[in-house]
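Input: a single structure, listed below in structure tokens.
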Amino acid sequence: MDKLTDDIHRCYFNHSVQFFYEQSGKNISAHWRPRDYVVVSLGMGVSVIVILANILVMVAIFINRRFHFPIYYLLGNLAAADLFSGIAYLHLMFHTGPWTIKLSQNQWFVRQTLIDSSLTASVLNLLAIALERHQTIFTMQLHSKMTNRRVVLLIAAIWGLAIFMGLVPTMGWHCLCDLDNCSTMAPMYQRSYLVFWAVLNLFTFSLMVAAYTRIFVYVRHKSQRMSQHTSQIRHKETVFNLMKTVSMILGCFVICWTPGLVLLMLDGLGCESCQVLRYEKYCLVLAECNSLVNPIIYSFRDTDMLQTFKRILCCLCRRGGTGHKDTLSGMRCNTLEQERERDVLQRQDLNESG
């Protein structure tokens, strides 16, 4: 009776996920093929590495006092978004392939919401980092004067908006009552939503690229006018290196996510000759690899971050191998002592150069 009522009103709330996939032309095998095993195994492996790598970044920022500034809090929040992306992708691996046809509509929407929210959180974090860098670089400061309370509120707003954007399709922007407008890549989403989401993110990418380009031009122009004073040279190099790091993060993000977003937009526009399903999995894997790239960038671009990574890993090895009772808090104390000594040496160097 419920199905009959749904069909009369052109809504299909009680139909299976398989029904929508068949309607959109996205066929799913009911049996596991060798390719399915490979995709799921690799996906799970990448997800676990992404999760562990970004936990390492978050712990490094927590224990090292030199990272207790707004820019690093935002980079830590970006690592949290990448961690969330790894969890979302791992969840996807347990609900993909032949498992997909066994999902309920709510389970399918949860799967998609996790992926959408993780991307939105990453985009908003990158936008917040761009704004923070714009505020500080144009005054040739290394760190923003933003209070910890404002940083916390900003991070909370980022996650609130990310979760909201992920829930938008479940709140009505779906095609359960409009099968003719169902997309191919996401068979229960309306095509118009895919276009909106892709265009919004691509526009945000463009704004961030323009902002970083303007900042780089300003920094180069300003650095040419600075004197050869030792402290100013060191300050300029620190600012410029940090700018290179966050710009590389943005660049990798754009490279990894743009193909997928363009594919979503083509699907939303109803391009039947684009063969979006042929490239879907490749774009998804490329997008997930972005969450693994950021910790690598931190390691090669930030010496302090790399040294902190080594301390954390050495501490874990000592605890696991010899049974020492080294704790994270103890390592944090050692790190703080080392940072205090370094600050003293830097002040002495500045006094001598002055």
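Below, each value reflects all heavy atoms present in this structure, side chains not excepted, and no hydrogens, waters or symmetry copies.
In this structure the side chain of H95 never reaches within 4.5 angstrom of the side chain of V110, judged on heavy atoms. By the 4.5 Å heavy-atom criterion applied to side chains, T308 and I312 are counted as neighbours. Contact annotation: the side chain of Y193 never approaches that of S183 to less than 4.5 Å [non-hydrogen atoms, C-beta and beyond]. Contact of the F205 side chain with the L250 side chain is not registered, since no non-hydrogen atoms from C-beta on lie closer than 4.5 Å. By the 4.5 Å heavy-atom criterion applied to side chains, F94 and M44 are counted as neighbours. By the 4.5 Å heavy-atom criterion applied to side chains, I297 and C252 are counted as neighbours. With contacts defined as side-chain heavy-atom distances shorter than 4.5 Å, the pair L119/S85 does not qualify. Between Y89 and L114, the closest side-chain pair of non-hydrogen atoms is not below 4.5 Å.
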Would S122 and D82 count as a side chain to side chain contact (heavy atoms under 4.5 Å, CB included) if you check the C-alpha gap in whole Å, the side-chain angles of each, and the deciding distance to 0.1 Å? CA-CA 7 Å; S122 296; D82 288 336; 3.9 Å; yes

Could you check Q112 against M188 for side chain to side chain contact (heavy atoms under 4.5 Å, CB included), going step by step and ending with a plain yes or no? CA-CA 10 Å; Q112 298 305 122; M188 293 170 67; over 6 Å; no

Evaluate side chain to side chain contact (heavy atoms under 4.5 Å, CB included) for M265 paired with L202, printing each intermediate quantity in order. CA-CA 10 Å; M265 186 164 61; L202 289 172; 4.0 Å; yes

Start with the C-alpha distance between I249 and I129, add both sets of side-chain angles, then the distance that settles side chain to side chain contact (heavy atoms under 4.5 Å, CB included), and finish with yes or no. CA-CA 11 Å; I249 292 171; I129 291 170; over 6 Å; no

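Applying the side-chain contact (heavy atoms from CB on, under 4.5 Å) criterion to C271, with sequence neighbours excluded, gives L266, S273, C274. F19 meets the ring pair (Phe, Tyr, Trp, His ring centres under 6.0 Å) test with Y12, H15; sequence neighbours excluded. With sequence neighbours left out, S118 forms a side-chain hydrogen bond (donor to acceptor under 3.5 Å, both in side chains) with no residue at all. By the side-chain hydrogen bond (donor to acceptor under 3.5 Å, both in side chains) test, S206 is found to be paired with no residue, residues two or more places apart in sequence or in another chain being considered. C182 is linked by a disulfide (SG to SG under 2.5 Å) to C175, counting only residues two or more places apart in sequence or in another chain. For the ring pair (Phe, Tyr, Trp, His ring centres under 6.0 Å) test, residues two or more places apart in sequence or in another chain that qualify with F67 are Y72. Listed by chain and number, the residues in a side-chain contact (heavy atoms from CB on, under 4.5 Å) with K310 are L306, Q307 (sequence neighbours excluded). Residues that satisfy the side-chain hydrogen bond (donor to acceptor under 3.5 Å, both in side chains) test with N181, not counting sequence neighbours, are D178. Qualifying side-chain hydrogen bond (donor to acceptor under 3.5 Å, both in side chains) partners for W173, counting only residues two or more places apart in sequence or in other chains: S192.
There is a side-chain donor-acceptor pair under 3.5 Å between Y189 and D116. E288 and S47 are not linked by any side-chain donor-acceptor pair at a separation below 3.5 angstrom, with hydrogens and angles left out of the test.
Interatomic distance, CG of L261 versus CG of N201, reported as 5.0 Å (0.5 Å rounding). Interatomic distance, Q105 CD to N14 CG, rounded to the nearest 0.5 Å: 7.5 Å. The line from CZ of R191 to CG of D267 is 5.5 Å long, rounded to the nearest 0.5 Å. Taken from CZ in F253 to OG in S291, the straight-line distance is 8.0 Å, to the nearest 0.5 Å. Atom CE of residue M171 and atom CZ of residue F109 lie 11.5 Å apart, to the nearest 0.5 angstrom. One distance of note links CD of Q18 with OG1 of T100; it measures 10.5 Å at 0.5 Å rounding.
In the hydrophobic clustering of this structure, V39 does not group with L90; members are Ile, Leu, Val, Met, Phe, Trp, Tyr whose side-chain heavy atoms approach within less than 4.5 Å, directly or through other members. Residues Y282 and M93 do not share a hydrophobic cluster, defined by chaining ILVMFWY side chains whose heavy atoms lie under 4.5 Å apart. Placement of F309 and F62 within a single hydrophobic cluster is found when ILVMFWY residues are connected by side-chain heavy-atom separations under 4.5 Å, directly or transitively. Taken together through direct or relayed side-chain contacts under 4.5 Å among Ile, Leu, Val, Met, Phe, Trp and Tyr, V199 and F196 form part of one hydrophobic cluster. Note: the hydrophobic cluster containing L286 does not contain L194 (ILVMFWY, side chain heavy atoms under 4.5 Å, direct or indirect links).
Between the side chain of H174 and the backbone N or O of Q190 there is no donor-acceptor pair closer than 3.5 Å. Put simply, the side chain of T204 gets close to the backbone of L200: a donor and an acceptor are under 3.5 Å apart. The backbone N or O of Y73 lies less than 3.5 Å from no partner atom in the side chain of H68, so there is not a single donor-acceptor pair.
In terms of heavy atoms, P98 sits closest to I101 at O-CG1, 3.2 Å. Nearest heavy atoms, M208 versus A130: CG-CB, 4.3 Å. The minimum heavy-atom distance between A79 and M58, with the atom names listed, is CB-CG, 3.9 Å. Listed here is the closest heavy atom pair of Q107 and K102: OE1-O, 4.1 Å. Across all non-hydrogen atoms, the minimal contact from T170 to L167 is OG1-O, 2.6 Å. The two atoms that bring C283 and L263 nearest to each other are SG-CD2, 3.9 Å, heavy atoms only.
Under the 4.5 angstrom side-chain criterion for Ile, Leu, Val, Met, Phe, Trp and Tyr, the cluster partners of L52 are V48. V46 belongs to a hydrophobic cluster whose remaining members, ordered by chain and number, are I49, V50, L292; membership requires side-chain heavy atoms of ILVMFWY residues under 4.5 Å apart, directly or through intermediates.
Disulfide status for C11 with C177: present, SG atoms under 2.5 Å apart.
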Side-chain donor-acceptor pairs of residues 149-165 under 3.5 Å, sequence neighbours excluded:
unit_1 : atom_1 : unit_2 : atom_2 : d
W159   : NE1    : N77    : OD1    : 2.8

